[in-house]
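Written below as structure tokens is the structure these notes are about.
Because the structure is a prediction, the values reported are computed rather than measured. Numbers for residues simply follow the sequence, beginning at 1. Excluded from the calculations below are hydrogen atoms, water molecules and symmetry mates; all remaining heavy atoms, backbone and side chain alike, are included.
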Amino acid sequence: MQKFKRGFTLIELVIVIAVLGILGGLAIPRFLDAQASAKGAKIVTDLRTIDSASTLYSTQHGQYPDTISSANPSTSDGFITNFLANWPKPDTGTFIIVENDGTNKTYENITATYYTLNDQGRALYNGHTVEWYLSGGSTNYSDNNLVKAISAISTYLSKKGLSWNQRCGSTINNLATGLTVDKSILDAVGYTGATLYWHTNTDTPYYFATTYNNSGNSGAQWLARFVEVNGTLYYVNETTQLGHLESYGTGSTSTQKMQTGLDALVAAGKAVKLGTVTTE
């Protein structure tokens with residue numbers, strides 16, 4: 001007499017599939033988090049490695065290495081050849097950074113495919129230093145000095161009967177001069193150069209930071225490092241004439257030309273959109 005082996009019933013199969021689904025639902029997120037944490041750890045390590053090599057270079061040469069803004073740079077000063085084995089490549093997408101206080105922060109949909117090196121010798125990923133990531137990665141800034149500059153100039157410009165000359169140039173800058181850029185903004189891009197001061201242009205369409213703390217209309221005074229326009233804060237990688245920045249943009253007003261010009265430079269890797277800055 002032939003005996004038949006008993007197979008699984010439909011209910012048993014459903015239960016097994018459900019259990020496997022639950023286990024997979026628990027395991028997959030943990031796997032993805034581990035992968036994102038590994039990416040974040042690599043980014044922190046890479047930024048620190050580049051910073052250390054840059055510091056060693058400046059100690060030996062008395063200046064920072066050449067700026068880097070490409071995925072596969074070949075520096076003429078021997079920085080990569082003699083101080084780095086190669087230019088590291090970061091992972092894009094989602095990554096998790098373990099901050100200095102032990103908490104985790106997740107960064108999603110990051111598309112930057114390479115590190116850069118600014119003219120202050122600092123390594124940047126997606127426009128930010130290792131300290132920025134380790135301290136919480138805020139993209140919303142407050143700058144009391146910028147608020148003071150805007151308040152003083154807005155009050156002045158509200159006066160009636162001002163001539164064109166009174167509404168621009170040295171008259172305006174005398175109201176804003178002496179107001180330095182907040183340290184949290186400088187730290188976001190690793191700026192360690194000469195002190196920067198907030199200034200403005202005709203009729204306050206935007207505010208810009210330069211190293212000049214004097215009045216006058218010399219061309220050198222109209223060089224920008226940081227620019228605030230419509231509440232958005234940008235960092236320009238190279239000290240650049242304001243008119244040159246506007247020339248990249250489009251629009252009918254100086255404000256529109258400045259913002260679209262800066263956005264074009266961001267797309268070209270020549271500027272960084274830091275985030276928003278409180279101006280009230």
Side-chain angles (χ1 to χ4, degrees), residues 35-100 105 107 110-137 181 183-196 209-211 220 223-226 234-241 244-245 262 265-274:
Q35 189 178 45
S37 295
K39 286 183 180 181
K42 180 183 184 300
I43 289 169
V44 169
T45 299
D46 287 345
L47 291 174
R48 283 176 166 166
T49 299
I50 297 171
D51 280 347
S52 296
S54 177
T55 299
L56 182 59
Y57 179 96
S58 66
T59 300
Q60 294 188 14
H61 293 269
Q63 63 183 33
Y64 293 117
D66 289 347
T67 58
I68 292 174
S69 58
S70 63
N72 300 297
S74 55
T75 57
S76 60
D77 58 1
F79 172 58
I80 293 178
T81 303
N82 298 323
F83 294 85
L84 282 173
N86 55 61
W87 192 243
K89 182 179 180 179
D91 292 308
T92 59
T94 298
F95 60 89
I96 297 173
I97 297 290
V98 180
E99 299 171 7
N100 287 329
K105 182 165 184 176
Y107 298 82
I110 304 299
T111 59
T113 57
Y114 57 87
Y115 299 107
T116 58
L117 185 74
N118 67 16
D119 61 0
Q120 302 298 314
R122 296 306 312 277
L124 307 176
Y125 178 61
N126 203 36
H128 301 293
T129 63
V130 66
E131 290 88 355
W132 185 86
Y133 288 108
L134 294 177
S135 61
V181 178
K183 187 175 182 299
S184 64
I185 295 175
L186 303 179
D187 288 346
V189 296
Y191 182 88
T192 57
T195 303
L196 295 174
T210 80
T211 58
L223 303 176
R225 268 300 189 188
F226 293 90
Y234 297 84
Y235 174 71
V236 183
N237 292 336
E238 299 178 358
T239 307
T240 308
Q241 287 273 6
H244 186 57
L245 293 177
L262 286 166
L265 289 176
V266 170
K270 297 180 179 179
V272 178
K273 182 184 288 188
L274 294 178

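Looking at Asp187, its side chain never comes within 3.5 Å of a backbone N or O of Glu131 through a donor-acceptor pair. Between the side chain of Ser54 and the backbone N or O of Ile50, no donor-acceptor pair lies under 3.5 Å. Without hydrogens or angle criteria, Gln120 side chain to Gly193 main chain gives a donor-acceptor distance under 3.5 Å. Remark: side-chain polar atoms of Asp51 are paired, donor with acceptor, to backbone N or O of Ala123 under 3.5 angstrom.
Scanning all heavy atoms of the two residues, the minimum distance from Thr129 to Leu47 falls at C-CD1, 4.2 Å. Across all non-hydrogen atoms, the minimal contact from Val181 to Ala209 is CG2-CB, 3.5 Å. Of all heavy-atom pairs spanning Arg48 and Leu134, the tightest one is NH2-CD1, 3.3 Å.
Screening residues 74-86 for side-chain hydrogen bond (donor to acceptor under 3.5 Å, both in side chains), with sequence neighbours left out, gives Tyr57-Asp77, Asp66-Ser76, Thr75-Asp77.
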Please walk me through it: do Ile68 and Tyr115 pass side-chain contact (heavy atoms from CB on, under 4.5 Å)? CA-CA 8 Å; Ile68 292 174; Tyr115 299 107; over 6 Å; no
Step-by-step side-chain contact (heavy atoms from CB on, under 4.5 Å) determination, Tyr133 to Phe95: CA-CA 11 Å; Tyr133 288 108; Phe95 60 89; 4.0 Å; yes
Notebook entry, point to check: When you look at Trp87 and Phe79, which way does the side-chain contact (heavy atoms from CB on, under 4.5 Å) test go after all the steps?
Noted result: CA-CA 10 Å; Trp87 192 243; Phe79 172 58; 4.3 Å; yes
- request: For the pair Tyr107 and His128, evaluate side-chain contact (heavy atoms from CB on, under 4.5 Å) and give the outcome as yes or no after the intermediate values.
  value: CA-CA 13 Å; Tyr107 298 82; His128 301 293; over 6 Å; no
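Note on ring orientation: taking the six-membered ring where Trp is involved, the planes of Tyr191 and Tyr235 are perpendicular (angle over 60°, cut-offs 30° and 60°).
A distance of 12.5 Å separates CG of Asp46 from NZ of Lys89, quoted to the nearest 0.5 Å.
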